Amino acid sequence: MSQQGPSVRVVLASAFLGGAGTMTVELAAVRLIAPWYGTSAAVWTNVIGVILLALAVGYLVGARLSRGPSPGTWLGRALLLASIFTVWLPFGAGPVCELFLPSGLALDEAAGLLRWGSLGTSILLFLPPAVVLGLVGPLSVELVMSGRGGHAGDAGGRVLAASTLGSLVGTFGTTHVLVPGLGIDMTFWLAAGALALPGILILNAGDGRSRASAALVLLAVPGPFLAQSSPPTPRAGWKLIDQVQSPYQVVRVVELPAEPGQSRGLRYLQVNESFDSFQSVGSEEKGLLGGGLYYDHFVPPAWWSRREGPWRVLVLGLGAGTAVRVLEGCLPPGMELSTVGVELDPVVVEVGRQWFGLEDDRPERRAISDLDARAALRALEPGSFDQVILDCYANAVEIPPHLSTVEFFNELQGVLRDGGWITLNAAGFGLEDPVVQALASSLAEGVQERILATRVPFSRNCMLHARRGNEPPEPGSRSWQVPHSELARTLSPLELPGAWSWVAPGGIGGTLLTDDHSPMERLQASSIEAGRRRWVAD
Amino acid sequence: MGRGLRGAFLASGLLLVCTSATFQEEFGRISEELRAEGRFLEALETAQQITDPAERARACLLTAWEAGDLGGALRTGLDGLEATPMDLELLWMSLRLSHALSASELAGELQERLDEAISGAHELGPETRKAWQEESGRLGPVTRNLVESSAARQRSLWLARWTVLAAFLGLGALALGVSRSSTQSS
């Protein structure tokens, strides 16, 4: 380092690491708060927005500091401060998130808090390190220009190039290597270390005041030993069995208290924030689950078909395999089940094998992971399935927009034989729910047949049934009846007025979701926020 | 993905309703039997023929409840309470439903009305009155937790909004200060 400041190489390296650190914080930030807020578009927008605003302010402050006598010292201090803020982020996440999101809330009670709470959390957690990281750019430009001489554009371009390359490395490294390989906490600690190192080098090569500033690093040292993140605790009475980070989300297995006569209670697979929601359910026995669990409503088409022989089912959104276990225990006599399950997250499939009895060890039980449901359709033979079960949800509540469109439903029926069934789990607060209406309208439009919408009792779910070239039986009709007493009892409440409705193509006026325009996130937000009011109408 | 409902199922305490002498009208009995058999549509059609408004509301509410339509059951209960505002069974069932649906404001209101109705029900015998008071006492903490949870939610929302406002003001002041000192030193 020259007597005028650090060398140009050290400065450019600092800019590189500053860029990498910024992107690492930004990408890992959403995963850090996901157990409380999820990873919806609104949460991403809040985190990115706060970081961009903080960087802008950091650039302004950095510009001011660059005109002072010691830009090198300030650069070193900025890197160290950023390191200190970053190393303590895992520790601060839990308390800050719980400040804005009280524990024990149900999903609809958390409406509004997800958006504002994630914004408040982002401000308290991520704004300070991002402001400090914003100082790096202008200070680096000043140092490069004073070190090389020449034009501001030359210095600015070099610093921007180094910083952007660092951002690129940080982006890919965080997503593909650090988070899946090392976890969230270690990712932040590594980023902190990468920022601290050039900071210490720059300060140690300076004057006495600079070297004294290097002692700031001592504030970061205890971080990895003390600053582990503390994820939200399960609801009262629920026992946390397992928790793993996947490339996509936090995956949790919780167990409910056992009922009398059971050796263990039901298990739920939850992802990210979940609240009182679940992605999969595991019971000790195969067959109907009862208790308001919507999986039982995947079964009736097999009975309504009144056939024997193979029953080939495609499950999109396999999760931990609940739908398959329910079908296995409740098919008509003489019917042989063969399933293909598609699940985006391979960790969920692994958790399913370990805790939920998911079987995929033979040709009749295939599980395909790491593949999007819509992409999977293109690899499947047309007309090869009797039933498609659609149960795809990202985070706790979000139906991926591209899996809810007219075009997708039209593609979906292509893998069905004539008369084959589509059974779609539509999470929503009743048949009037905007999400349910949009899905029903789009499904009817996609298959160009009348579809049946039913409300699942004791739940916040509805079920949509469609048939290729036909339509489902009307509730209460002769063809609706099933010769299985427990299943018949499951279907009986659906015959009540208000518990079912037909939806024809162009029918009820729900928003038509298309590949070009699918406002699913807006519909889901309005569904949740109005959920409680809808239960108590007028 | 599914969303369970808390406390959705009828539990103990229903005995209070079933032993009520006012609930033994024939249609009510038949409706009850049909519900037990899982024949909910027939149970509802039978219940709708009950002449007494309070009993009709109770029977229809129970049918909707046991069929898993908790929102519908609560609406039925509230409609019934418009005609018979001091009906203990309707108040009790509506309160239980508001708990299951996390309707905190409604739960608070129904809890107060139930306590008031018990106090004002001079026709109750001492044993029955005691049973109602104990049941109301059992539900009270649930109501209070719900109300407090709603209040905590509101506080968190308020805190989040003020944090955002304070941050914008603080950053704005910082940016302004930096700009001014840059202008002065140049």
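Reminder, nothing fancy here: chain letters follow the sequence lines and each chain counts from 1. Since we're looking at a predicted model, the values are computed, not measured. These values consider heavy atoms only, across backbone and side chains, with no hydrogens, waters or symmetry-generated copies.
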CD/B:Q48: more than 12 non-hydrogen atoms of other groups inside 6.0 Å = yes
Segment of A:L124 engaging chain B (4.5 angstrom heavy-atom cut-off) | side chain
d(A:S492 OG, B:E66 CD) to nearest 0.5 Å is 11.0 Å
Heavy-atom closest contact (B:A67 atom, A:P493 atom, distance) = O-CB, 3.2 Å
Hey, is CD on B:E37 packed in by over 12 heavy atoms from elsewhere, all under 6.0 Å?
-> yes
Is it the side chain or the backbone of A:V57 that comes within 4.5 Å of chain B heavy atoms, both, or neither?
-> side chain
Of all the heavy-atom pairs spanning B:F40 and A:L496, show the shortest one and how long it is.
-> O-CD2, 3.5 Å
Which atoms of A:I123 approach chain B - backbone, side chain, both or neither, heavy atom under 4.5 Å = side chain
Should the heavy atoms of other residues, nucleotides or ligands under 6.0 Å from CZ of B:R56 be counted, would the total exceed 12?
-> yes
Supply the atom-to-atom distance A:E495 CD to B:L44 CG, rounded to the nearest 0.5 angstrom.
-> 12.0 Å
Applying a strict 4.5 Å limit to non-hydrogen atoms, the region of B:L41 in contact with chain A is both
Can you list the residues that meet the side chain to side chain contact (heavy atoms under 4.5 Å, CB included) rule with B:V142, with sequence neighbours excluded?
-> B:H99
Could you walk me through whether A:L53 and B:F168 pass the side chain to side chain contact (heavy atoms under 4.5 Å, CB included) check?
-> CA-CA 9 Å; A:L53 177 64; B:F168 274 105; 3.7 Å; yes
Nearest 0.5 Å, what's the CZ-CH2 distance between A:F100 and B:W158?
-> 11.0 Å
Return the minimal non-hydrogen interatomic distance between A:R455 and B:G68, and the atom names on each side.
-> NH1-O, 3.6 Å
With distance as the sole test, does B:T163 use its side chain to make a donor-acceptor pair with the main-chain N or O of A:G120 at under 3.5 Å?
-> no
Between B:W65 and A:F458, the two heavy atoms sitting closest are O-CZ, 3.2 Å
Whether over 12 other heavy atoms sit under 6.0 Å from B:E127 CD = no
Under 4.5 Å to a heavy atom of chain B? For A:L293 that would be neither
When the 4.5 angstrom heavy-atom criterion is applied to B:L174 and chain A, the contacting part is side chain
Quick one: CZ on B:R180 to CZ on A:R64, what's the gap to the nearest 0.5 Å?
-> 14.5 Å
Proximal component of B:R39, with respect to chain A [non-hydrogen, under 4.5 Å] | backbone
Heavy-atom distances under 4.5 Å only: say whether A:L127 touches chain B with side chain, backbone, both or neither.
-> side chain
